[in-house]
Amino acid sequence: EAQVTQNPRYLITVTGKKLTVTCSQNMNHEYMSWYRQDPGLGLRQIYYSMNVEVTDKGDVPEGYKVSRKEKRNFPLILESPSPNQTSLYFCASRRRTDHMNTEAFFGQGTRLTVV
Amino acid sequence: EDKVVQSPLSLVVHEGDTVTLNCSYEVTNFRSLLWYKQEKKAPTFLFMLTSSGIEKKSGRLSSILDKKELFSILNITATQTGDSAVYLCAVGKLIFGQGTELSVKP
């Protein structure tokens, strides 16, 4: 089954304790991206990746890191989480062609609470 | 910088009403515009639009794109309570608008 898998689904952590949210897709998609969703603000892009070893900042990258060492995985790293990073996080992937963008597939979401 | 603005931000209607949701955008190198529906979980795909003037339909939902005026509309006819959700549009590097929260009352 084609899917994007995020882990964990729920996480409560303390300020300053490094954490990683994993994202894996099994569709051989080139493009992957991370979002945070807060009430009334829609989906705001944190980082995106066009392919392996190619990453770039989205609209709200501060406090986050990513890596893309393999095509299927795109982990989101919070080196020193703070309470303002409490949010619902989504990972997405899509096939990338030269002529058009394609449908994006989303993970189930990770609800992160930083206390 | 890619930008998407959706309106209205929220909408309350009664079952059977018809609604029109708006999405205006600015993007370098336009390729497609995507519509998604989100019901308290991950967004689910509705439509992808690439050409102006061609309507996409799926049951009571339809959407059309105007590449000259840089906007798209999503129409929902004969709304049902199950249509209550946040509707999102996206362009370019998957940049999303704020979404329109639709609430359909019985």
Exercise for review: Check whether A:Phe106 and A:Val21 end up in the same hydrophobic cluster, where Ile, Leu, Val, Met, Phe, Trp and Tyr are linked by side-chain heavy atoms less than 4.5 Å apart.
Suggested key: no

Review point. Is it true that B:Leu49 and B:Ile64 fall in one hydrophobic cluster, defined by side-chain heavy atoms closer than 4.5 Å?
Key: no

Point to revise | B:Lys57 atom NZ, neighbour heavy-atom count above 12 within 6.0 Å | key: yes

Review point. When you look at CZ of A:Arg111, are more than 12 heavy atoms from neighbouring residues, nucleotides or ligands closer to it than 6.0 Å?
Key: no

Point to revise | Option that, when pairs with chain B are counted at under 4.5 Å, heavy atom only, ranks first among A:Asp59, A:Leu43, A:Asp56, A:Leu41 | key: A:Leu43

**Study point:** Rounded distance [0.5 Å steps], OG1 in A:Thr102 versus CZ in B:Arg31
**Key:** 10.0 Å

Point to revise | hydrophobic_cluster_shared for B:Ile73 and B:Met48, side chain cutoff 4.5 Å | key: no

Point to revise | Which of A:Gly107, A:Gly42, A:Ala104 touches chain B most, by non-hydrogen pairs under 4.5 Å | key: A:Ala104

Check your understanding: What part of B:Tyr36 is in contact with chain A, defined as an atom under 4.5 angstrom from a non-hydrogen atom: side chain, backbone, both or neither?
Key -> side chain

Check your understanding: In terms of heavy-atom proximity below 4.5 Å to chain A, should B:Gln6 be classed as side chain, backbone, both, or neither?
Key -> neither

Practice item. Sort out for me which of A:Arg44, A:Gln37, A:Gln108, A:Met50 touches chain B most, counting heavy-atom pairs under 4.5 Å. Key: A:Gln37

Point to revise | A:Gln45, part contacting chain B, at a heavy-atom distance under 4.5 Å | key: side chain

Review point. Does A:Met32 belong to the same Ile/Leu/Val/Met/Phe/Trp/Tyr cluster as A:Leu88, with side-chain heavy atoms less than 4.5 Å apart forming each link?
Key: no

Review point. How about B:Glu1: does its CD atom have over 12 heavy atoms from other parts shown lying under 6.0 Å from it?
Key: no

Point to revise | Straight-line distance of B:Ser32 OG to A:Arg94 CZ, nearest 0.5 Å | key: 5.5 Å

Point to revise | Where B:Ala42 and A:Phe90 come nearest, the two heavy atoms and their spacing | key: CA-CE2, 3.5 Å

Review point. What about A:Leu78 and A:Val60, same hydrophobic cluster or not, with Ile/Leu/Val/Met/Phe/Trp/Tyr joined at side-chain heavy-atom distances under 4.5 Å?
Key: yes

**Study point:** chain A-proximal positions within residues 80-106 of chain B [heavy-atom distance under 4.5 Å]
**Key:** B:Leu88, B:Gly92, B:Lys93, B:Leu94, B:Ile95, B:Phe96, B:Gly97, B:Gln98

